[in-house]
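For reference, the structure discussed in these notes is given below.
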Protein chains: 2
Amino acid sequence: MAIKDQASRGISRQVLADHVYEELLAALMDGRLEAGTPVSIDGMARELEVSPTPVREALARLESTGMVRRTALRGYRVAPLFTPDELADLMDARLVIEPANAFMACSHADPKLTAELAKAIEDLRSAPRGPSFSEFRAYWEADERFHRLIAENADNQFLLSAYNALGGQVQRFRFFGGLGVTDADFAIAEHTEILKAFEAGDAELAREKMIEHIEGVKQRSQHDSEVRS
Amino acid sequence: MAIKDQASRGISRQVLADHVYEELLAALMDGRLEAGTPVSIDGMARELEVSPTPVREALARLESTGMVRRTALRGYRVAPLFTPDELADLMDARLVIEPANAFMACSHADPKLTAELAKAIEDLRSAPRGPSFSEFRAYWEADERFHRLIAENADNQFLLSAYNALGGQVQRFRFFGGLGVTDADFAIAEHTEILKAFEAGDAELAREKMIEHIEGVKQRSQHDSEVRS
DNA sequence: TAATCGAAGACCCTATAGGATCTACGAATT
DNA sequence: AATTCGTAGATCCTATAGGGTCTTCGATTA
């Protein structure tokens, strides 16, 4: 009823499949759906109290994000966690795209953007660092917002698509999710360096600082992976 | 019946939605579905002689490729053609991703890859240059194959996703589709330069030659756009 | 003649039904 | 006791039905 009510209440007509999509996305990001577990279409339909049809459509859209994988005639399952090698590949890909985003965004940055970036850093600083999902979420959200702001202000829809294709939102979360936030102090300092470059309007410097940041994330993530294994 | 037969003949059970997806993709790439025209779910179901359900699923998947756009409660339509500005943005994005692909692919290239690249160039050279779709398709396919080989052999699933997100296959086709193949001689020469770098195992050179190639494509495309408008 | 109204069709969206396949589990047999 | 068989349930996939909205087009009216 939870979803259905909002729709059938009829104040503003909406598409049920969109609600299901958002619901599934939230469940995946909150960790309610763990990596590797199957996602039954019929089962999810019962759980959300809708018919299988919109669930099927939502999952079809979700597949392109890499959050779920589909096997023909066998259904969907939550994508597995990354191996250390895949993690390194992800960072290499970010090293290709995000410095370019930083350069372009800085090339035509306005005070509004720098203010929003500063706010994202401030939110990062003040976010709780607890290991629980609910606490961690604020931290992750601020980190994601910083990078996404830059990607969006690069003002190139294709680069933004490429950034999205990396699973910028999700994959990063799922990686950090299992670990503690050992990253925080470093990330805040490195983000601040990038912000400085933006404030100075030095696009080339912004590119370099972004490279340094992601190199740092890569090294720290590899270290954490080794510790865990 | 065309599609249905293959499925219900039951030799190997298949998913109808996958067939519909392939069928729609082919129709989009052949130009049978022109830019901007609406794609009715029910109508397409009648045309392909299936129910609307698999069509709906296929379109949901297709949306992530950028080939079709969806408006809630109003259905799908074929994505509009590019403006010159969007074309420039696309080339800028390619300039970010494809040189990196070339560098990485060249870093661990094997004779098999260089042979396949050489074959792609040879196919490019021998392809007909006629203005009709069917003739042009062979040329475009060889061009696409060259770039995709490099992207796939960069051996990084995330960079490959990013490359795919550019609509590497499709967007490029849709751009060239309306124009003559004024590009051919230049493209063959530039591809050959890239191949030489691969044969020499010089990754840095491969990166540079890829940059030169895409810069060339960008300039020529802008020139063509001006001529046409 | 121009404008308005209404009916019919197209279309999107969701629910439901039913067929096919796979899995799980218990009973019967060796 | 182990194995085989069969049945019940779960699941995926597709078709069909029906509700709601929008557009179109013709008829009626001012």
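A, B, ... follow the sequence lines: proteins, then strands. Residue 1 opens every chain.
If you measure from atom CZ of R61(B) to atom P of dC13(D), you get 9 Å, rounded to the nearest angstrom. To the nearest angstrom, C1' of dC12(D) lies 14 Å from CZ of R77(A). Put simply, CG on L48(B) is 11 Å from P on dA15(D), counting in whole angstrom units. Across the protein-nucleic acid pair, L59(A) atom CG and dT11(D) atom C1' stand 13 Å apart, rounded to whole Å. Straight-line distance from the CZ atom of R13(B) to the P atom of dA20(C): 9 Å, rounded to whole Å. If you take CD1 of I41(A) and P of dC13(D), they are 6 Å apart, rounded to a whole angstrom. At whole-Å resolution of the value, CG in L16(B) and P in dG18(C) are 20 Å apart. A straight line from CZ of R70(A) to P of dT11(D) spans 18 Å, rounded to a whole angstrom.
By the 30° and 60° cut-offs, the orientation of the rings of F146(A) relative to H191(A) is parallel.
Of the candidates dC22(C), dA15(D), dC13(C), dC22(C) carries the atom nearest the R74(A) side chain, counting heavy atoms from C-beta on. Nearest nucleotide to the A17(B) side chain, out of dT14(D), dC12(D), dC13(C): dT14(D). The listed nucleotides are dT14(D), dA15(C), dT21(D); the one nearest the side chain of V50(A) is dA15(C). In this structure, the nucleotide among dC12(C), dT11(D), dT14(D) sitting nearest to the side chain of D42(A) is dT11(D). Comparing dC11(C), dA15(C), dT14(D) by their nearest atom to the side chain of P54(A) picks out dA15(C). Closest to the side chain of T53(B), out of dC12(C), dC12(D), dA15(D), is dA15(D). Checking dC11(C), dT16(D), dC12(D) against the side-chain heavy atoms of P52(B) singles out dT16(D) as nearest.
Applying the salt bridge (Lys or Arg N to Asp or Glu O under 4.0 Å) criterion to E63(A), with sequence neighbours excluded, gives no partner residue.
Dashed line: the shortest gap from a side-chain N or O of S40(A) to OP1 or OP2 of dA10(D) is not under 4.0 Å. In terms of phosphate contacts, R56(B) brings a side-chain nitrogen or oxygen within less than 4.0 Å of OP1 or OP2 of dC13(C). Regarding contacts with the backbone of dC11(C), a side-chain N or O of R46(B) is found under 4.0 angstrom from either OP1 or OP2.
There is a side-chain donor-acceptor pair under 3.5 Å between R148(A) and N164(A).
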Compile the donor-acceptor pairs under 3.5 Å between side chains in residues 107-115 of chain B and protein atoms, sequence neighbours left out, one pair per line.
unit_1: S107(B); atom_1: OG; unit_2: F103(B); atom_2: O; d: 2.8
unit_1: H108(B); atom_1: NE2; unit_2: M104(B); atom_2: O; d: 3.3
unit_1: D110(B); atom_1: OD1; unit_2: K112(B); atom_2: N; d: 3.3
unit_1: D110(B); atom_1: OD1; unit_2: L113(B); atom_2: N; d: 2.8
unit_1: T114(B); atom_1: OG1; unit_2: P111(B); atom_2: O; d: 2.8

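For the pair S51(A) and V39(B), both in contact range of DNA chain C, the more 5′-proximal nearest nucleotide belongs to V39(B).
Contact check for P99(A) versus R94(A): no side-chain heavy atoms found under the 4.5 Å cut-off.
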